[in-house]
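The structure appears below as structure tokens.
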Amino acid sequence: MNESIEKRPTWDEYFLMIAKLAATRSTCLAFPVGAVIVKDRQVLATGYNGSPSGTVHCTAQGFCYPGLRTCRESGEFPSRAIHAEANAIAQAAKHGISTNGGSIYVTLEPCLSCLKLMISSGIKEVFYETDFNSGSKAVARDAFIEDGVITLKKIHLSPETAERAALFLLHPTSILSSP
């Protein structure tokens with residue numbers, strides 16, 4: 001079998017890499033997160049976390065509010081960021097794309113608010129890279145899973161896939177090879 005075909009990423013790896021690329025657009029200094037909504041192996045929408053469109057980004061002013069050195073310093077103020085998952089769902093809605101029956105790939109396990117938004121928008125499967133929920137939040141998450149309204153699966157990239165993707169990102173890919 002052709003060696004390059006054997007090195008193709010799985011569908012989960014492929015969509016997780018797209019979510020990771022989306023995270024590079026994040027304007028959140030604390031947790032860059034990316035998301036991609038998929039249906040029938042087709043990308044419907046992507047999103048990343050950061051300040052709402054048209055507002056000052058954390059990357060320009062330093063965290064959520066001017067003068068902060070960390071997000072924790074803003075204790076009494078809420079985060080200004082919109083989560084990557086919510087942005088992806090909003091992008092789909094903005095362009096009239098139904099997410100009903102779709103799946104979402106995210107770099108960070110969704111918070112409960114985003115999980116509820118996904119359920120309400122018809123997303124049935126969540127694939128994520130890094131754990132987030134614990135304690136009572138995990139109990140609430142697990143109740144949604146037990147109700148059968150959504151499934152969650154932790155996934156990762158194989159080192160081989162990550163290395164091959166890095167080569168594609170660092171070097172031209174659409175060049176003729178010599179015979």
Side-chain angles (χ1 to χ4, degrees), residues 9-52 58 63-64 70-95 97-162 165:
T10 66
W11 284 108
D12 286 346
E13 289 177 319
Y14 174 70
F15 293 125
L16 180 58
M17 286 191 291
I18 294 172
K20 289 170 83 71
L21 282 175
T24 67
R25 292 281 306 152
S26 172
T27 61
C28 179
L29 298 172
F31 287 104
V33 179
V36 59
I37 301 172
V38 176
K39 187 173 181 180
D40 299 326
R41 294 187 177 164
Q42 296 296 308
V43 173
L44 301 181
T46 64
Y48 51 86
N49 60 331
S51 301
C58 295
F63 294 92
C64 282
T70 70
C71 281
R72 296 198 197 299
E73 288 181 5
S74 69
E76 65 194 62
F77 298 109
S79 169
R80 294 178 61 236
I82 299 172
H83 292 185
E85 307 93 306
N87 264 329
I89 292 168
Q91 283 301 310
K94 189 176 187 179
H95 297 286
I97 300 168
S98 173
T99 58
N100 193 36
S103 302
I104 191 165
Y105 289 78
V106 287
T107 58
L108 182 66
E109 179 186 2
C111 70
L112 291 179
S113 293
C114 285
L115 195 59
K116 291 184 280 187
L117 182 60
M118 290 174 202
I119 292 166
S120 291
S121 69
I123 291 173
K124 300 295 182 193
E125 299 175 303
V126 178
F127 299 90
Y128 67 95
E129 181 179 47
T130 304
D131 292 322
F132 179 72
N133 294 307
S134 61
S136 60
K137 291 178 182 177
V139 171
R141 174 205 61 208
D142 293 347
F144 292 130
I145 295 168
E146 289 171 18
D147 288 343
V149 294
I150 200 153
T151 63
L152 278 86
K153 181 180 178 188
K154 185 174 181 177
I155 60 173
H156 68 280
L157 293 179
S158 70
E160 297 81 17
T161 297

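Each residue takes its place number in the sequence, starting with 1.
To the nearest 0.5 Å, atom CZ of residue R141 and atom OG of residue S136 are 11.0 Å apart. Rounding to the nearest 0.5 angstrom, the gap separating the OG1 atom in T10 from the CZ atom in F15 is 10.0 Å. A distance of 11.0 Å separates OG1 of T107 from CZ of F31, quoted to the nearest 0.5 Å. Distance check, rounded to the nearest 0.5 Å: CG of N133 to CG of L112 gives 5.0 Å. In this structure, CD1 on I155 lies 10.5 Å from OG1 on T130, to the nearest 0.5 angstrom. Considering CG of L108 and SG of C114, their distance stands at 9.5 Å, rounded to 0.5 Å.
The shortest distance between side-chain heavy atoms of L115 and L152 falls below 4.5 Å. M17 has its side chain within reach of T161: a pair of non-hydrogen atoms, C-beta onward, lies under 4.5 Å apart. Inter-residue side-chain proximity for E85 and L117 is flagged as unmet; no heavy-atom pair is nearer than 4.5 Å. The shortest distance between side-chain heavy atoms of T46 and Q91 does not fall below 4.5 Å. In this structure the side chain of T99 never reaches within 4.5 angstrom of the side chain of K39, judged on heavy atoms. The closest side-chain heavy-atom distance from N49 to N87 is not below 4.5 Å. Annotation: side chain of F132 is in contact with side chain of C111 (closest heavy-atom distance under 4.5 Å).
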Between H83 and V106, is a side chain to side chain contact (heavy atoms under 4.5 Å, CB included) present by the stated rule, with each step listed?
CA-CA 10 Å; H83 292 185; V106 287; over 6 Å; no
With side chain to side chain contact (heavy atoms under 4.5 Å, CB included) as the test, would you mind laying out the steps for K124 and T151 before giving the verdict?
CA-CA 6 Å; K124 300 295 182 193; T151 63; over 6 Å; no
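Partners of F127 according to the ring-ring contact (aromatic ring centres under 6.0 Å, His included) rule, which considers only residues two or more places apart in sequence or in another chain, are Y105. In this view, D142 satisfies the side chain to side chain donor-acceptor pair (under 3.5 Å) rule with no residue, not counting sequence neighbours.
Here the closest non-hydrogen pair linking V43 and V36 is CG1-CG2, 3.6 Å. Scanning all heavy atoms of the two residues, the minimum distance from S98 to L44 falls at O-CD1, 3.5 Å. The two atoms that bring G34 and A23 nearest to each other are N-CB, 3.4 Å, heavy atoms only. Considering every non-hydrogen atom in both S51 and T27, the closest pair reads N-OG1, 3.5 Å. Taking each heavy atom of Y128 and E109 in turn, the nearest pair found is CD1-CB, 3.6 Å. Of all heavy-atom pairs spanning K154 and E129, the tightest one is CE-O, 3.3 Å.
Shown here is D147, whose CG atom has more than 12 heavy atoms of other residues, nucleotides or ligands within 6.0 Å.
Of the candidates I104, V38, N100, I123 forms a side chain to side chain contact (heavy atoms under 4.5 Å, CB included) with just one, namely I104.
The aromatic rings of Y14 and W11 sit perpendicular to each other, their planes meeting at more than 60°, with 30° as the lower class boundary.
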